[in-house]
Structure formats: structure tokens, C-alpha cells
**Student:** 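Let me begin by handing over the structure; questions about it come next.
Letters go in sequence order (proteins before strands), and every chain restarts at 1.
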Number of protein chains: 2
Amino acid sequence: MSRDDHPLSKLVRKLESRAPLSDGDRAAILALPFAERTYEAPAYVLREGEPAKKHCSFVISGLAFRQKLAATGARQIVSIHMAGDVLDLQHLFLNRADHSVQALSRLETAEIDRAALQDLVLERPTIGRAMWIDALIDASIFREWVLNVGRRDAKARVAHLLCEVSVRMEAAGLNDGQGYHLPLTQEQLGDAVGLTSVHVNRTLKALSELGLIRRDKRHVRFDDLDRLKVAADFSALYLHLDQSRAPAE
Amino acid sequence: MSRDDHPLSKLVRKLESRAPLSDGDRAAILALPFAERTYEAPAYVLREGEPAKKHCSFVISGLAFRQKLAATGARQIVSIHMAGDVLDLQHLFLNRADHSVQALSRLETAEIDRAALQDLVLERPTIGRAMWIDALIDASIFREWVLNVGRRDAKARVAHLLCEVSVRMEAAGLNDGQGYHLPLTQEQLGDAVGLTSVHVNRTLKALSELGLIRRDKRHVRFDDLDRLKVAADFSALYLHLDQSRAPAE
DNA sequence: CGACTCGTTGAGTGATATCAAACCCGGTGG
DNA sequence: CCACCGGGTTTGATATCACTCAACGAGTCG
């Protein structure tokens with residue numbers, strides 16, 4: 001297996017996009033004990049209320065999402081994840097899962113030994129820093145979602161989600177910023193932005209009619225992402241994509 | 001100054017509620033360089049878009065909140081903070097603020113040197129673990145807020161916020177679980193739960209009429225917090241208050 | 001060819017927003 | 001001591017965005 005074929009090389013790449021690593025760091029990450037595992041949608045990777053598992057799932061390919069349930073049975077998706085994300089980074093040091101994680105499409109993961117990952121994060125400052133940044137960016141995304149769901153109207157909400165996924169995919173090298181395949185049903189889209197599937201349908205139609213998106217099944221294309229960003233009130237600041245550069249003055 | 005008077009002793013206590021610390025850890029925390037600083041509401045502690053400061057603000061007393069703005073000018077409060085919270089833990093390793101932090105009442109803080117705090121977190125595994133837990137719980141709260149704002153109706157939303165603040169205050173030793181003084185205007189309450197101040201007013205009235213809360217100015221009292229929790233769809237799981245105990249099986 | 005899931009559309013409803021006015025209360029200054 | 005002021009609260013009337021219910025179409029799978 002060549003170095004780039006190593007399943008954890010994607011984790012190395014991701015962390016290096018957050019903070020510089022040494023050769024030793026890279027080797028330590030690649031030496032982590034793990035097992036590959038594939039989930040088919042809509043399999044659960046983690047269930048709300050479960051005690052922490054012995055491993056952490058890292059996404060090699062495919063999409064997944066986090067969700068929480070209200071007492072009424074209503075579902076809220078709280079984030080979407082793609083190749084390079086550590087799915088249970090949010091639970092790395094917590095005893096019990098406060099939300100579920102489900103596969104959205106065929107999901108290839110590396111299940112990394114949790115204790116070993118904890119050690120690496122705590123014992124190696126440079127890796128720790130990169131992981132901190134990653135976890136803090138996750139949290140920043142949650143905050144943006146609170147704003148999205150709390151204070152934007154339907155068109156902006158849906159458009160914002162489309163922008164976020166596009167920008168994050170592009171940053172992860174998964175699309176060209178012109179469009180992508182989003183395997184979310186309109187029901188799930190609604191659960192992500194706090195709307196009904198019916199209203200998502202009408203909202204997507206409206207965005208199409210405005211010329212902001214073009215759809216074909218679950219493929220979404222944008223001719224002019226900038227216009228969509230304006231409609232979505234989207235600013236990439238909260239994604240902190242520039243972390244690897246020197247601190248701003 | 002006796003040990004308990006030390007402004008950072010509250011930070012020690014908070015971290016010990018998250019994970020065990022050694023004597024050396026405690027000493028290292030108390031040895032952090034800091035300066036006390038008081039803010040009067042509604043002063044800004046941090047502004048969205050600003051580059052990272054040279055220090056991190058730790059709350060000694062008083063309340064503060066985080067907020068983000070939409071392009072329309074709408075405001076969304078994304079969390080509320082009290083004594084024992086590190087306000088910019090969420091930015092500890094990020095270059096630029098993605099949200100603002102404002103004082104809600106007279107706010108006494110210790111401004112801890114950021115680089116020193118970073119070092120402590122990265123170099124001392126036990127402190128690092130406690131800080132990780134703290135940051136991950138913050139993130140868990142953001143997720144709960146996404147659910148709150150996205151999928152609960154007005155009564156449950158407002159009630160949920162009241163429950164969260166009560167439970168967190170009680171955990172921090174700031175109230176008895178029977179009620180408290182909440183220095184939020186109804187406008188701010190609305191900004192926290194994604195409603196209008198007018199609707200918050202009607203919702204509070206409805207909660208009073210249901211006998212779930214009693215109000216006198218900005219004092220809120222509950223005769224039966226359990227009933228309020230049911231109405232709020234509140235479960236404290238997401239606050240992870242049991243972290244200090246052994247991992248669940 | 002059912003049976004099922006997902007997407008689409010229409011009609012009616014409802015929860016929350018908006019607009020506007022009155023009220024309350026602590027503070028200030030004459 | 002009173003008049004006034006300003007921020008916050010309360011209430012009413014109306015508007016609107018998004019939800020609900022319901023039906024139908026298209027695609028897929030066994």
C-alpha cells in the first residue's frame with residue numbers, strides 16, 4: 001500500500017490544512033490502529049444516548065449527517081459531513097452521545113481506536129492544535145446553523161445550506177464550485193434547515209425560477225455562486241478556511 | 001489573597017468538574033498571567049470579524065452572550081455564559097472571531113494570556129482533557145440550540161431556554177433551581193430563541209397562565225421545574241454534567 | 001404489475017410576524 | 001414634587017410565511 005493509499009492519509013491532509021505537522025506527527029497518525037468499515041445509507045454510525053464507543057469514525061468517502069430528535073418526533077439535522085471529517089470528534093472526550101450520526105450515502109470510514117486518538121491529541125501538541133482547530137470549526141458551523149434556522153427566511157436558509165456544502169466540498173477537493181450531487185431528500189433538506197419537505201420543494205422551485213440554481217434530480221448546479229451567496233447571506237468567514245495561514249493582523 | 005480568592009480558582013473548580021486535575025495542574029492554572037477587567041452591559045468583549053486578541057476572557061461573575069448578525073440586521077444570540085465559562089474558548093485556536101460576545105450585566109472577567117493558555121492546554125494532557133470537554137460541551141449546547149430554534153414551537157423554545165439557564169446556573173452554584181434573575185430583555189430572549197419580542201411576551205404570558213413559571217420583573221420562578229422541563233422538551237443529557245464520573249457502560 | 005418512496009402541486013389553516021398604540025417605571029431635571 | 005423622558009412591556013389588529021392535508025405523478029424494486 002503506497003503512502004497515499006493509506007486510509008488515514010486523508011486525515012493527515014485534513015489536519016495539515018488546519019495547522020502544520022511534523023514528519024513525526026504524520027507517522028504517528030498513520031500508525032494509529034484502525035479498521036475500515038463501510039455503511040450503507042441510512043445506517044446509524046452512532047445513536048443518541050449511547051455510551052461512547054471504543055473507536056472514532058473518520059470519513060474516507062461518502063456523506064453523513066448528525067441529527068437530534070425533539071419529543072414531538074420532529075428531527076433536526078445539525079450538520080453534514082464529508083470525506084476528511086472525523087465524525088465523532090465531537091464526542092472524543094464525552095461519555096455519552098448527545099446526537100445520532102447516520103450515513104447519507106455509501107459511507108466508507110476508518111474506525112480509529114479512540115484511546116489512541118485521545119492520546120495523540122493530548123500528547124502531541126501540534127496534532128492537538130490541529131484537532132482543536134477542527135473541533136472549533138465544527139462548533140462555529142453549529143453556531144452559523146443556529147443563525148440560519150433562527151433568523152433567515154426559507155429561501156436564504158436553503159440557499160445557505162447549498163452554499164456551505166459547496167464551499168466545504170470545494171475545500172475538500174470534492175467538487176469544482178459549480179455544482180454537485182447532494183443525496184439529501186427534500187425531507188432531509190427540510191430537517192436540516194427547519195422547514196417542511198413541502199416548503200423545501202417550493203423554495204427550491206423559487207430558487208430555480210430566480211436563476212440561482214439549476215436542478216436535475218439531486219444534482220444541483222450554480223451558474224453564479226456569487227449571486228447565490230448574496231441570496232443566502234453567506235460569508236465563508238465562519239468556516240475559517242484560512243487557519244493554516246498566519247494569524248491576521 | 002487566599003487561595004479561594006484567586007480569580008482563577010473558579011477556573012480550577014470548573015475544570016475539575018470536567019476532569020480530574022493534579023496539584024501541578026492546579027498550580028499551573030493559578031500561575032497563568034492575567035488581568036482583571038470589568039465590563040458594563042452592553043459592552044462588547046469581542047466583535048465578529050476581529051482578529052484574535054492577545055488574551056482570553058474568563059467570567060468571574062455576571063452574564064454574557066454570544067451573537068451573530070444576519071444581513072437583514074436580524075440578531076441571533078447563540079449562547080449565554082455565566083461565572084466559570086471561558087468566553088473565547090471557542091476562538092482559542094482560531095485567527096478571527098466569527099461572532100461577537102457582549103456583557104449582559106456587569107461582567108467581571110479575568111483576561112488570561114492567550115498564548116499561555118494555549119500552551120497549558122497543549123502541553124498538559126490533564127488540563128487539555130478538561131478543556132476539550134468544556135469546549136465539546138459548548139458545541140453540544142450549540143447543537144441543542146439548532147434543534148430548539150429549528151423544531152420546537154414558541155412555548156417549548158422559551159421554556160427550554162429557561163430550563164437550560166436554570167440547570168447550568170445550578171450546576172455552577174449560582175441558584176437553587178427554583179428561580180433566578182435573568183437580565184435579558186424580551187427582545188434579547190427573542191433573539192436567543194428565534195422569535196419576536198412581541199411573541200416572546202405573549203409566550204411568557206401563556207407559560208405563566210399554565211402555571212409553569214411566575215414572573216416579577218426579570219425574576220423568573222418555577223414551582224415545578226419538572227413540569228417546565230416536560231413542556232420544554234428538556235433533557236439535561238446534552239449538558240454532559242456527569243463527565244467527571246466514570247464513563248458509562 | 002403492485003407497492004413503495006420521493007417529488008410536485010393545490011387549497012386551506014395556523015403560528016408567528018408586523019404595525020401601532022398604550023402603559024409602566026425608574027431616572028432626570030426643573 | 002411634578003413633568004417629562006426613554007427603554008422596556010403589554011395588548012390589539014392585521015398580514016404573511018410556512019405548515020397541514022391531500023392528491024397525483026414519476027421512478028424503482030421485487
Side-chain angles (χ1 to χ4, degrees), chain A residues 40-42 70 72-77 102-106 148-162 181-210 213-220 231 233, chain B residues 40-42 65 70 72-77 102-105 148-162 181-210 213-220 231 233:
Chain A
E40 298 293 340
T72 57
R75 175 189 321 267
Q76 178 69 47
I77 293 178
Q102 258 180 292
L104 196 53
S105 58
R106 184 192 187 83
N148 200 37
V149 162
R151 286 300 189 207
R152 295 199 182 103
D153 66 15
K155 276 207 273 281
R157 276 189 222 184
V158 172
H160 195 278
L161 182 69
L162 295 178
H181 179 74
L182 184 66
L184 279 170
T185 64
Q186 293 181 358
E187 177 96 41
Q188 291 168 331
L189 218 39
D191 288 341
V193 296
L195 295 173
T196 301
S197 64
V198 172
H199 203 59
V200 166
N201 183 285
R202 297 191 222 271
T203 304
L204 287 171
K205 190 178 167 191
L207 291 174
S208 293
E209 284 167 356
L210 287 169
I213 63 175
R214 277 186 297 138
R215 292 184 298 151
D216 177 24
K217 306 282 174 71
R218 291 186 190 165
H219 261 89
V220 195
D233 184 20
Chain B
E40 299 294 340
F65 62 93
T72 57
R75 176 188 322 267
Q76 178 69 47
I77 292 178
Q102 258 181 291
L104 196 50
S105 58
N148 201 37
V149 162
R151 286 301 189 208
R152 294 199 183 104
D153 66 16
K155 274 207 275 283
R157 276 190 222 183
V158 172
H160 194 280
L161 181 70
L162 295 178
H181 179 75
L182 184 66
L184 280 169
T185 64
Q186 294 180 0
E187 177 97 41
Q188 291 168 331
L189 218 39
D191 288 341
V193 297
L195 296 172
T196 301
S197 65
V198 173
H199 204 60
V200 166
N201 183 282
R202 297 192 222 270
T203 304
L204 287 171
K205 190 179 168 191
L207 291 174
S208 293
E209 284 167 357
L210 287 168
I213 63 175
R214 278 187 295 138
R215 293 183 297 150
D216 177 24
K217 307 281 173 70
R218 291 187 190 164
H219 262 88
V220 196
D233 183 21

**Student:** Could you state the NE2-C1' distance from B:His199 to C:dC19, rounded to the nearest angstrom?
**Tutor:** 16 Å
**Student:** Say whether, by atom type as modelled, one donor and one acceptor occur between the side chain of A:Asp153 and the main chain of A:Ala156 under 3.5 angstrom.
**Tutor:** yes
**Student:** What's the CG-C1' distance between B:Leu204 and D:dG8, to the nearest Å?
**Tutor:** 13 Å
**Student:** Report the distance from atom CZ of B:Arg151 to atom C1' of D:dA18, rounded to the nearest whole Å.
**Tutor:** 11 Å
**Student:** B:Leu195 side chain: which of D:dA18, C:dA17, C:dG10 is closest?
**Tutor:** C:dA17
**Student:** Using a cut-off of less than 4.0 Å, is there contact between a side-chain N or O of A:Arg202 and OP1 or OP2 of C:dG7?
**Tutor:** no
**Student:** Contact class for B:Lys217 (heavy atom, under 4.0 Å): base, sugar-phosphate, or nothing?
**Tutor:** sugar-phosphate
**Student:** So which nucleotide from D:dT20, C:dT16, C:dC6 ends up closest to the side chain of A:Thr185?
**Tutor:** C:dC6
**Student:** From the options C:dT16, C:dT8, D:dA18, select the nucleotide whose nearest atom is closest to the side chain of A:Gln186.
**Tutor:** C:dT8
**Student:** Looking only at the side chain of A:Val198 (C-beta and beyond, no hydrogens), which of the listed nucleotides C:dC6, D:dT10, C:dG10 gets closest?
**Tutor:** C:dG10
**Student:** For the pair made of NE2 in A:His219 and P in C:dG7, what is the distance, rounded to whole Å?
**Tutor:** 15 Å
**Student:** Just checking B:Gly194: base, sugar-phosphate only, or nothing, at a heavy-atom cut-off of under 4.0 Å?
**Tutor:** sugar-phosphate
**Student:** So, is B:Asn201 near the phosphate of D:dT9, with a side-chain N or O under 4.0 Å from OP1 or OP2?
**Tutor:** no
**Student:** Find the distance A:Leu189:CG to D:dA18:P and express it as a whole number of Å.
**Tutor:** 14 Å
**Student:** Counting only side-chain N and O atoms of B:Lys205, is one of them less than 4.0 Å from OP1 or OP2 of D:dT9?
**Tutor:** no
**Student:** Identify every side-chain donor-acceptor pair in residues 198-209 of chain A under 3.5 Å, counting partners at least two apart or on other chains, and give the distances.
**Tutor:**
from, atom 1, to, atom 2, distance (Å)
A:Asn201, ND2, A:Gln186, OE1, 2.9
A:Thr203, OG1, A:His199, O, 2.6
A:Ser208, OG, A:Leu204, O, 3.1

**Student:** Contact class for B:Arg157 vs. all strands (heavy atom < 4.0 Å): base, sugar-phosphate, or nothing?
**Tutor:** nothing
**Student:** Can you measure A:Lys155 atom NZ to D:dT16 atom P for me and round it to whole angstrom units?
**Tutor:** 14 Å
**Student:** Which residue, A:Ser197 or B:Arg218, contacts DNA chain D at a nucleotide closer to its 5' end, judged by nearest heavy atom?
**Tutor:** B:Arg218
**Student:** So does B:Arg215 get a side-chain nitrogen or oxygen closer than 4.0 Å to the phosphate oxygens (OP1/OP2) of D:dT10?
**Tutor:** yes
**Student:** Looking only at non-hydrogen atoms, find the nearest pair between B:Ala70 and A:Asp233 and report the distance.
**Tutor:** CA-OD2, 3.4 Å
**Student:** Checking the side chain of B:Gln76 only, and the main-chain atoms of A:Asn148 only, is there a donor and an acceptor separated by less than 3.5 Å?
**Tutor:** no
**Student:** Take atom CD of B:Glu209 and atom C1' of D:dT10, then tell me their distance rounded to the nearest Å.
**Tutor:** 12 Å
**Student:** Send over the distance from A:Asp153 CG to C:dA15 P, rounded to a whole Å.
**Tutor:** 21 Å
**Student:** Compare all side-chain heavy atoms of B:Arg151 with those of A:Asp191 and state whether any distance is below 4.5 angstrom.
**Tutor:** yes
